[in-house]
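Heads up: the structure comes next, in structure tokens.
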Amino acid sequence: MNNYKLITKQNLHSFFDALQPKNTIIAPKEINKKYYFKPVDKFEDIALDYIQTVLSAKSVLFPRSDTLFNYHRADGDYNIDEPSPIEKNTIVFGMKPCDASSFVYLSNFFLKDYQDKNIKERLEKLYIISLSCKEADNACFCTSVGSNPASTKGSDLNLTLIENDTYYVEVVTEKGQELINYSADLFQDTKEIDKSKYIANVPQKFDVEQAKQNIDSIFESPLWVKDSLACLGCGICAYACPTCTCFDIQDIGSQFNGSRVRNWDSCAFDLFTKHASGHNPRPVQSQRWRNRIKHKFEYSVENLGLISCVGCGRCIRSCPTSMNIVKTVQIFQGV
Amino acid sequence: MNSQNIYLPYKMRIEKITEEAPMVKTFKLAFVNPEDESNFEFKTGQFGEYSVFGAGESTFCIASSPTHKGYIECTFRKAGKVTTALYNCEEGDIIGFRGPYGNNFPLEDWEGKSVLFIAGGIGLPPVRSVIWNCLDLRDKFKDITILYGAKTVQDLVYKNELEEWAKRPDVKLITTVDPGGETPDWKGEVGFVPSILKKASPKGENAVAIVCGPPIMIKLTLPILLEIGFTEESIFTTLENRMKCGIGQCGHCAVGPYYVCKDGPVINYADLQLLPVEY
Amino acid sequence: MARIGVFICHCGENIASTVDCGKVAEISSKIPGVVFSTDYKYMCSDPGQTLIKDAIKKYKLTGVVVGACSPRMHEPTFRKVVASEGINPFFCEMANIREHCSWVHPKGEETTQKAADTIRILVEKVRNNEPLYPIKVPVTKRALVIGGGIAGIQASLDIANAGNEVILIEKEPSIGGHMAQLSETFPTLDCSQCILTPRMVEVAQHPNITLMSYSEVESLEGFIGNFKATIRKKARFINEELCNGCGDCTLKCPIKKIPDEFNAEMGKRPAIYVPFPQAVPNKPVIDKDNCTHFKNGKCQFCKTNCSAGAIDFDQQDQLITVDVGAIVVATGFTIKGTDFFPEYGYGKYKDVVTGLQFERLLSSSGPTLGEVRRPSDGKVPKKVVFIACAGSRDPAKGIEYCSKICCMYTAKHAMLYKHKVPDGEADIFYMDIRAGGKNYEEFVRRAVEEDDVNYIRGRVSKVYEKNGKLIVRGVDTLLNSTPVEIEADMVVLATASVAHSDAESLAQKLHISYDSYNFFSEAHPKLRPVETNTAGITLAGACQAPKDIPESVAQASAAASKTIALFSQDLLTREPIIAVSNKSTCVGCFLCQSVCPYLAIEREEIKDRNGNIIKTVASINSGLCQGCGTCVAFCRSKSIDLQGYTNNQVFSEVSALFERSEEYV
Amino acid sequence: MTELQNIAKKLFDDGSINLLIGYSNNENGGTSAIFIDNSADIDKLIYNENCHQNLMVYFQKPEVKKFGKLAFVVSLPGLKSVLEIASENQIKDGDAYFIAIDKDGNPSLLQDFHQIEDFITNNQTKPPMGLLKLMEKINNMTREERWQYWTDEFSKCIKCYACRSVCPLCYCTQCITDINIPQWISTESSPIGNLDWHIARAMHLAGRCIGCGECMKACPVDIPLALLTANLNKSIAIHFGDEPGMKADYKYPLSHYKLEDKENFIR
């Protein structure tokens, strides 16, 4: 249903002002030269020229700690209440195309067999305005996983800065049109434009089909150990990743009052698979690193038909020991 | 709200607590809300998430048979935070349960065959559900043999039921304890499960075997089963990876692309060999 | 399955007058897991105990919480009750709702609520308790007695007479202690040496006693029943085997003017000496610091004159390690030194002396052979002023306690002086007269009434010299605080009794606690007055606090009886409240080892099947561990737990406290 | 071949080591750890001012330990962590070789703790000015301001535990966060749950932290974690006059009693 529009930077400001009162707007914000998604209420607070945020925007759908229900003990019985549904719509403003595409994966994953209520409610009220990349860095590799810096996949609206402080707007979905309708007169109709000259050049670093095949075939290899010696098993890569979905379920509170909460977890943690008996199916870090890589490129394809990596490069940028998923894939491509 | 919160547990009242062995208890659980009970259905081999409010959830199988309506039973060993909290529960307390999850034993496929159950220690509870299911549909199966072993006499679970099965003419029950675990009045076998199996050597033709117990027992039992005529497809076990959600999302139980909670826990030996060794 | 019974004791009116016991029982009945709850007037009484036993049977209880007094008193009582019904005694907990509630709070709802909360957290603990079993350790039936004064002598003899081996060590060359220095003893005025020396000889001759004089404790490790003590036997430069005690060496020594410690420096001694004629062992010792041989290597008079050939200048200190099962600490006391009384002129005026020095002047074995002569000119003093509480009971001097023996010995001194110098005058400045012992008050009265000793109630502010006389300036508080000045020929100070200067380091070596005055601390001031907090170590005599002879002897016998009782068992039963380490999670940082006050943490190597060391972990010696829990607090990986007070048990108590639901109000 | 590479080569050639952990340039223009198990890869070994990671963290990693004899390229903070873990019985003299890099970037081979102690004494540096300034700023705050400051900082935490993973002194095989009987540290990332963790972390490092700053560099949300431990170290130094990472037989001040310790607060 793509239709194409233009909006000036000034009008974008007005568009924001039109959206802001009725919606919760999450946008990248600069804090000490790093970028984080934060709720914003002023257009000026939004960072429009950034390469990547430290953490992805997945938490708008799948928060770090998500309350599943609250319980309260009374007369030996328990009352169970579900958290009240969110009222406002949430708009993520200025997310990068790679992140936007992660929402395609996330919604597929969480709604495939069992409809996760929390996620479904949030998804229904979620609007994504993505911003094509003017710049990229060494860690970016969206083009290697079937995407590009101006992809509209997963977006409701996509903005690409063209010339004269003007944004080329692609209305990708009905939801996108809904947003336009807040203040349609700020937009000007146009024809389809070739965005390629306005966007960053992200060189392709590996062939994803080839990579998948290589990774598929190798389970036992000394390369897994060699490649992961530096990995310390912290959870940054999974926590920063827009498509990592592993979680833990815990009760917070006492036997009288409390909540059952879903917390992020990471398959890099050594206790992730450990049984109560003490047996651990993945006792060493190389096995956990292998699981992560194979999950991204092999297992999720088998289960959902989708690669669970969008090439945002966050895991590479944030790894304290410079572990590099691209390098790993390249190593196996070279096998 | 059009979608249901899959994490909301059924409230279950603990009707009866049986101390089976040191640190092992069986709970008989009844639904607090009658409509939950009428909506609830499960098949043998499936499991659930049992929870103590304030302590969290823990995964184990439903140890009763679907043919026994109106309640479910579970048997667990006190090990972690949740099982300790469960262990401390009283009759009449309310706990949470969600499920059933996972696949089940393909009982329909076994009709007309002999069934051999092999269990070790706390591996009997999942098998017990199948045993009762088969016994309640006794006519559909040929010979039913149960081989159950534990470290010591004290560690044998379901002692009353073992007596009951021993008395039944249509069941062959062999119980064994590890050398040194016997008491002066112990009348069963003494020895490890694999060697007792070899000694008994039930026929593997037109038969299925269900094996559940500690990994080492399973490892040593399989070659003997193959030796006495069972095929890889006719040997079933149930996997016990760490699980959190029960619905194939949290990632804990993943063995390669396979989710034990969704694609398992019941698996035959042929399929098991296709999985990466991460269970 | 936890089925807990709650029993609330009224303690007569003690608890019931402040706490609504019935209500506490009622609130407790609502706690999950509590199947029976009641209150009763005296739970510790026979009917009270029966009530608990009956409830255990009737309700098939698995745990019991008694809300009553301090567990220090009745925990053993109730644990026995529970055990008699076949429940592990560690499933019985006591909530102290008397000391913690009724005695410290006014009557009211809040106090009742606090009592209910206290019960509730202990119910939570019982739910998390585990069965525990007593620990058995063997006993070495040999005692170490440290200090050979009257207390050490008495304790040694009592223990040895019961058939046990004793090692008695004394840091001075001879046993005897302060009592050997005394002339007569109050209140009977019998000769101190006459009653003491037979005991000293008995020690020397006792087949069960090994006497090690001139020896000190170097270090101690181990635990009750199983101590290992290292003793430094200081070189006395005499071969004790060869020495026959003839004394020739001491006579030939050319150095003769060393102040004599035994005579409180009122007399002189040679560099090789026997402290006093009745010394046990009767073997000399060379004072290395003052001996010419050791100073310049020239003199050998003693050696050449020793017919037994016993002088050995090359002798070295020896370190001897002994295994002992129990230790009696009887190291005694000392008195405050010269620098302590500038205002009394002590050290400045020769005729201002301490009580102990005066004691030597009175003694027939003393430097004046029992005649009272003043140190300055040897004249018989005609007027002697005694000052009691010289230092003691004086917060300004930092000693707030009463030295206890001074009132009595000052009365004795004045009395003996009057006996020896009938025309002399004895004045005593005192604060109070503390004569609370058998026949003590009578003794003081005798001094006043029969021997005409003049008691002046008041403090002395200053002693100074004027025209060759000592002027004692004080006040008489019984005469409207009239200032008084007395001209005296001699002044005797009843100086404060204090702990030895090395008491602190000895306490640290022995791992026993001590108070702010460095006196050793007893385990309980009333109920365990001879034990220390370290099991197997008892106290006797003035090392614990100032004491007179009868008290020291009584305590010595008490310490001996504790030791004998300990030795009457072949195996010791200990409460299992000890730390245990989790060897699978321990990473072996040994922080626990550095903080353990009982040296109970050992290193254990974990090896694989081929004998290669995988890691070294902390392992706790169940005999040494006293269950203090310090290691638990320090362990970062939480690999140590204190049995009976595990992290989880304490945590569950604290959590229970914070989650008071409206159900429990 | 650089001097560093020469030293490394010699260690391989004479069979002293099976694995050398050092730095190399990475794909993204930075440096990262390199694990060299044969002398052929030695030409990748580099050292420059960008090589900050404290490689001693790998000493406890099971898959690294498996190699056998190890050598580490270490600068001052790394060497301090060697002594600190030595004082905590995690490494013994002779367990590994250390190629120490001095202030000017020159390498030298240190073989025993004594040499390391001397090296550290001769190569002392001051903590970075930025850290000192921030510490001063925070110490000048009122209690309330300080509380607010740290509450704000901790609220950013996502509990990825990278601060723990990169710390060479966080070597417990069972971290306090991994224990749930009792649940010491609440599992969720919430203001209170985060505070639980950071207080436990800081206290577990008090008087032990050797100030490499890895925790702070690893933190994806830029919590100035090193400040907490630096300030705790400072307090301990004021009261007990000791500094971690200077001696292999360091007596941890909070667990060792010394006669000169102030104890007026006890009596």
Side-chain angles (χ1 to χ4, degrees), chain C residues 124-125 128 130 398 504-505 507-508 511 513-518 581-597 601 603-606 612-618 630-641 645-656 658, chain D residues 59-62 65-66 68 84-92 95 164 167-186 192 196-197 199-209 242 244 249-259 261 263-264 266-267:
Chain C
E124 205 51 48
K125 173 152 194 280
N128 285 289
E130 304 276 348
E504 189 174 7
S505 81
Q508 285 169 2
H511 313 292
S513 46
Y514 49 98
D515 64 21
S516 54
Y517 301 108
N518 289 353
S581 66
N582 179 343
K583 285 161 194 166
S584 70
T585 57
C586 173
V587 279
C589 72
F590 293 106
L591 194 58
C592 50
Q593 197 177 42
S594 59
V595 295
C596 177
I601 297 184
R603 294 183 182 216
E604 184 184 326
E605 288 173 346
I606 307 284
N612 303 316
I613 298 167
I614 303 167
K615 61 175 183 175
T616 309
V617 298
T630 310
C631 54
V632 177
F634 268 85
C635 183
R636 288 186 287 265
S637 65
K638 300 292 159 209
S639 300
I640 311 186
D641 241 330
Y645 298 89
T646 63
N647 284 324
N648 193 40
Q649 286 159 4
V650 177
F651 208 95
S652 62
E653 283 189 63
V654 177
S655 315
F658 284 109
Chain D
F59 182 73
Q60 307 286 354
K61 187 171 170 172
K65 273 190 159 175
K66 249 190 185 165
E84 182 56 26
I85 63 171
S87 79
E88 297 173 10
N89 306 288
Q90 303 302 307
I91 185 170
K92 287 198 293 292
D95 275 0
R164 173 184 75 178
C167 177
L169 299 178
C170 276
Y171 50 71
C172 288
T173 45
Q174 171 188 267
C175 174
I176 188 168
T177 55
D178 301 334
I179 305 167
N180 60 13
I181 311 177
Q183 185 82 56
W184 295 97
I185 308 292
S186 108
I192 189 79
D196 277 356
W197 160 239
I199 287 179
R201 196 195 76 88
M203 287 301 166
H204 282 189
L205 286 161
R208 299 171 63 231
C209 172
D242 266 310
D249 62 351
Y250 174 58
K251 301 263 180 284
Y252 183 48
L254 298 190
S255 71
H256 282 85
Y257 172 74
K258 283 187 301 192
L259 277 173
D261 281 351
E263 53 177 30
N264 42 1
I266 300 172
R267 279 192 182 178

### Query
Does any heavy atom of chain D fall under 4.5 Å from the side chain of C:F590, the backbone, both, or neither of them?
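For C:F590, backbone and side chain are both near chain D.
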### Query
Side chain, backbone, both or neither: which part of C:Q593 has a heavy atom under 4.5 Å from chain D?
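For C:Q593, there is no contact with chain D at all, as no heavy atom is under 4.5 Å.
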### Query
Does D:Q174 reach the main-chain N or O of C:S637 with its side chain, forming a donor-acceptor pair under 3.5 Å?
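Pair found, side chain donor or acceptor close to backbone of C:S637.
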### Query
What pair of heavy atoms forms the shortest contact from D:S255 to C:L591, and how long is it?
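Scanning both residues, the minimum pair turns out to be OG-CD1, 3.5 Å.
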#### Entry: Rounded distance [0.5 Å steps], CG in D:L169 versus CZ in C:R636
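These two atoms lie 8.0 Å from each other.
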### Message
Nearest 0.5 angstrom please: C:K638 NZ to D:D178 CG, how far?
### Response
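Between C:K638 NZ and D:D178 CG, I get 13.5 Å after rounding to 0.5 Å.
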Counting only heavy atoms closer than 4.5 Å, note whether [X] contacts chain C via side chain, backbone, both or neither.
{"X": "D:Q183", "result": "backbone"}
{"X": "D:I181", "result": "both"}
{"X": "D:R201", "result": "neither"}

### Task
Report the option among D:Q90, D:Q60, D:M203 that has the most heavy-atom pairs separated by less than 4.5 Å from atoms of chain C.
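Option with the top pair count is D:Q90.
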### Message
A quick test of your reading: do over 12 heavy atoms of other residues, nucleotides or ligands sit less than 6.0 Å from NZ of C:K583?
### Response
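Atom NZ in C:K583 is packed in, count exceeds 12.
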### Query
Is it the case that more than 12 heavy atoms not belonging to D:K92 sit under 6.0 Å from its NZ atom?
no
### Message
I'd like to know which of C:N648, C:T646, C:T630, C:T616 tops the heavy-atom pair count under 4.5 Å against chain D.
### Response
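Option with the greatest count: C:N648.
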